[in-house]
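This report refers to the structure that appears directly beneath it.
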Amino acid sequence: MPQFEKTTVHMRDPERVEQIICGLIKGGASKLQIITDFDMTLSKFAVNGKRCPTCHNIIDNCKLVTEECRQKLLQLKNKYYPIEIDPQLTMEEKYPFMVEWYFKSHTLLVEQRLEKDKLPEVVRESDAALREGFEQFFDRLQQHNVPVFIFSAGLGDVLEEIIRQAGVYHPNVKVVSNFMDFDDNGVLKGFKGELIHVYNKHDGALRNTEYFKQLKEYCNIILMGDSLGDLSMADGVPNVENILKIGFLNDKV
């Protein structure tokens with residue numbers, strides 16, 4: 001396949017990859033499901049050398065957040081992001097730092113009393129961008145009824161708004177992420193459910209076993225992510241026959 005001959009594509013075992021792809025083709029759309037990360041996987045990492053925002057960045061940098069809060073969020077990022085991408089640390093070593101980062105940043109956002117009805121405008125005004133070919137990707141999957149499971153450590157409300165505004169939030173798409181909890185006046189008061197961060201997606205995958213059980217006929221998987229933590233996103237899937245794992249290297253090269 002010509003796409004695999006590009007210098008930007010790296011495979012440990014090309015023959016094995018070919019076998020998996022043949023298995024996916026043989027199974028067809030009726031056996032296929034997509035399990036994917038969002039930030040820097042479905043969304044772009046950079047445009048013309050300028051970093052694109054993650055779901056968290058969109059809120060951090062919006063006009064609803066005070067300058068003081070923005071500086072505190074930036075300090076947290078400068079402290080914890082190098083830990084997240086440090087190749088010398090194990091996932092287990094990174095885990096408590098990720099929990100600390102998310103807890104502190106979410107606490108700061110709650111203090112800002114963000115309003116739910118302002119989110120669409122915030123997303124519209126942001127530099128959020130999905131990767132080239134996203135329309136065809138989502139539309140073809142919808143056309144063939146292929147389930148798409150977006151599993152994100154970002155902010156679910158922002159993620160949903162991005163794909164809604166892009167016109168690709170089709171019925172076959174399910175989003176599992178960190179969703180904001182708003183009070184009766186639409187003001188942010190906390191976050192729903194268990195925290196999802198980069199390195200606990202294994203636990204989140206197991207919590208979604210019911211979803212995967214309903215799709216037990218879909219035994220072929222294309223899994224996409226941009227961190228080692230994303231490799232565990234399919235851990236809740238029973239009877240996997242073929243799984244093609246695609247990693248976007250972004251800045252971790």
Side-chain angles (χ1 to χ4, degrees), residues 34-46 51-61 72-110 126 128-131 148-160 162-163 173-180 190-209 211-212 221-237 243 245-253:
I34 309 295
I35 301 175
T36 178
D37 173 49
F38 184 77
D39 287 320
M40 312 300 148
T41 297
L42 292 178
S43 69
K44 288 183 178 179
F45 177 72
R51 282 289 302 265
C52 291
T54 64
C55 293
H56 275 101
N57 295 154
I58 288 170
I59 295 295
D60 296 356
N61 299 318
K72 287 180 180 175
L73 289 164
L74 185 59
Q75 286 167 8
L76 290 174
K77 183 185 176 185
N78 291 341
K79 177 181 177 181
Y80 292 106
Y81 184 64
I83 296 172
E84 179 189 323
I85 63 168
D86 187 341
Q88 305 304 319
L89 296 174
T90 65
M91 283 199 271
E92 289 73 21
E93 287 170 326
K94 295 177 182 186
Y95 197 110
F97 292 106
M98 296 303 103
V99 173
E100 209 172 273
W101 182 12
Y102 276 65
F103 177 76
K104 287 177 179 176
S105 62
H106 286 177
T107 301
L108 285 170
L109 292 180
V110 171
S126 76
L130 295 173
R131 287 191 186 266
V148 178
F149 185 79
I150 300 177
F151 197 177
S152 172
L155 296 172
D157 308 79
V158 176
L159 189 169
E160 288 189 329
I162 293 169
I163 58 176
V173 176
K174 177 181 172 66
V175 176
V176 170
S177 188
N178 297 303
F179 281 94
M180 297 175 171
F191 284 80
K192 298 174 183 173
E194 300 278 342
L195 170 70
I196 298 171
H197 60 76
V198 183
Y199 294 114
N200 73 344
K201 287 190 170 181
H202 164 79
D203 305 338
L206 297 184
R207 279 199 298 276
N208 284 281
T209 310
Y211 166 83
F212 292 126
I221 299 167
I222 295 176
L223 184 145
M224 301 190 296
D226 74 324
S227 86
L228 291 173
D230 292 330
L231 289 169
S232 61
M233 293 190 297
D235 287 1
V237 182
I243 179 164
K245 296 174 181 176
I246 301 170
F248 292 87
L249 294 170
N250 297 328
D251 66 344
K252 302 184 180 65
V253 182

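Contact of the L89 side chain with the I83 side chain is registered, since non-hydrogen atoms from C-beta on lie closer than 4.5 Å. Taking 4.5 Å as the limit, every side-chain heavy atom of V148 sits out of range of all side-chain heavy atoms of K174. Between V176 and Y211 the shortest side-chain heavy-atom distance does not fall below 4.5 Å. Residues D39 and S152 meet the side-chain proximity criterion, which asks for heavy atoms closer than 4.5 Å. You'll find the side chain of L231 reaches within 4.5 Å of the side chain of K245, heavy atoms only. Contact check for I35 versus V237: side-chain heavy atoms found under the 4.5 Å cut-off. In this structure, T36 and I246 have side chains that are not in contact, with every pair of non-hydrogen atoms separated by 4.5 Å or more. Taking 4.5 Å as the limit, some side-chain heavy atom of Y199 sits within range of a side-chain heavy atom of E84.
The backbone N or O of T90 sits less than 3.5 Å from a side-chain atom of E93, completing a donor-acceptor pair. Between the side chain of D37 and the backbone N or O of L42 there is no donor-acceptor pair closer than 3.5 Å. Under the 3.5 Å distance criterion, the side-chain polar atoms of D226 are left unmatched by any main-chain donor or acceptor of T41. With hydrogens and angles disregarded, a donor-acceptor distance shorter than 3.5 Å links the side chain of N61 to the backbone of N57. Y102 places no side-chain N or O within 3.5 Å of a backbone atom of G154 that could act as its donor or acceptor partner. Within the 3.5 Å criterion, the main-chain N or O of M40 finds a donor-acceptor partner in the side chain of R131.
Atom CD1 of I162 sits about 6.0 Å away from atom OG of S126, to the nearest 0.5 Å. Here SG of C52 is found 9.5 Å from CD1 of I58. Values are rounded to the nearest 0.5 Å. Considering CD of E100 and NZ of K104, their distance stands at 4.0 Å, rounded to 0.5 Å. How far CG of L73 is from CG of L109: 5.5 Å, rounded to the nearest 0.5 Å. To the nearest 0.5 Å, atom CD of residue Q88 and atom NZ of residue K94 are 9.5 Å apart. In this structure, NZ on K44 lies 9.0 Å from CG on L130, to the nearest 0.5 angstrom.
Closest heavy-atom contact between S232 and A205: O-CB, 3.6 Å. Nearest approach of L76 to L108, heavy atoms of both residues: CD1-CD1, 3.8 Å. Summarising the geometry of D157 relative to M180, their closest heavy-atom pair is OD1-N, 2.7 Å, with the distance given to 0.1 Å. The shortest non-hydrogen separation linking P53 to A128 is CG-N, 3.8 Å. In this structure, A153 and H56 approach most closely via the heavy-atom pair O-CE1, 3.4 Å.
The six-membered or imidazole ring of F38 lies away from that of F151, with a centre-to-centre distance of 6.0 Å or more. Ring centers of F191 and F179: at least 6.0 Å apart, outside the cut-off.
Between D230 and K201, at least one side-chain nitrogen of the basic residue sits less than 4.0 Å from a carboxylate oxygen of the acidic one, meeting the salt-bridge criterion.
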Side chain to side chain contact (heavy atoms under 4.5 Å, CB included), that's the test. Do N200 and Y95 meet it? Break it down for me. CA-CA 8 Å; N200 73 344; Y95 197 110; 3.4 Å; yes
Step by step, work out the side chain to side chain contact (heavy atoms under 4.5 Å, CB included) result for L228 and V198. CA-CA 9 Å; L228 291 173; V198 183; over 6 Å; no
Would R207 and H202 count as a side chain to side chain contact (heavy atoms under 4.5 Å, CB included) if you check the C-alpha gap in whole Å, the side-chain angles of each, and the deciding distance to 0.1 Å? CA-CA 9 Å; R207 279 199 298 276; H202 164 79; over 6 Å; no
Please lay out, stage by stage, how M233 and D235 fare under the test side chain to side chain contact (heavy atoms under 4.5 Å, CB included). CA-CA 6 Å; M233 293 190 297; D235 287 1; over 6 Å; no
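Classified by interplanar angle (parallel below 30°, tilted 30° to 60°, perpendicular above 60°), the ring pair Y80/W101 is parallel.
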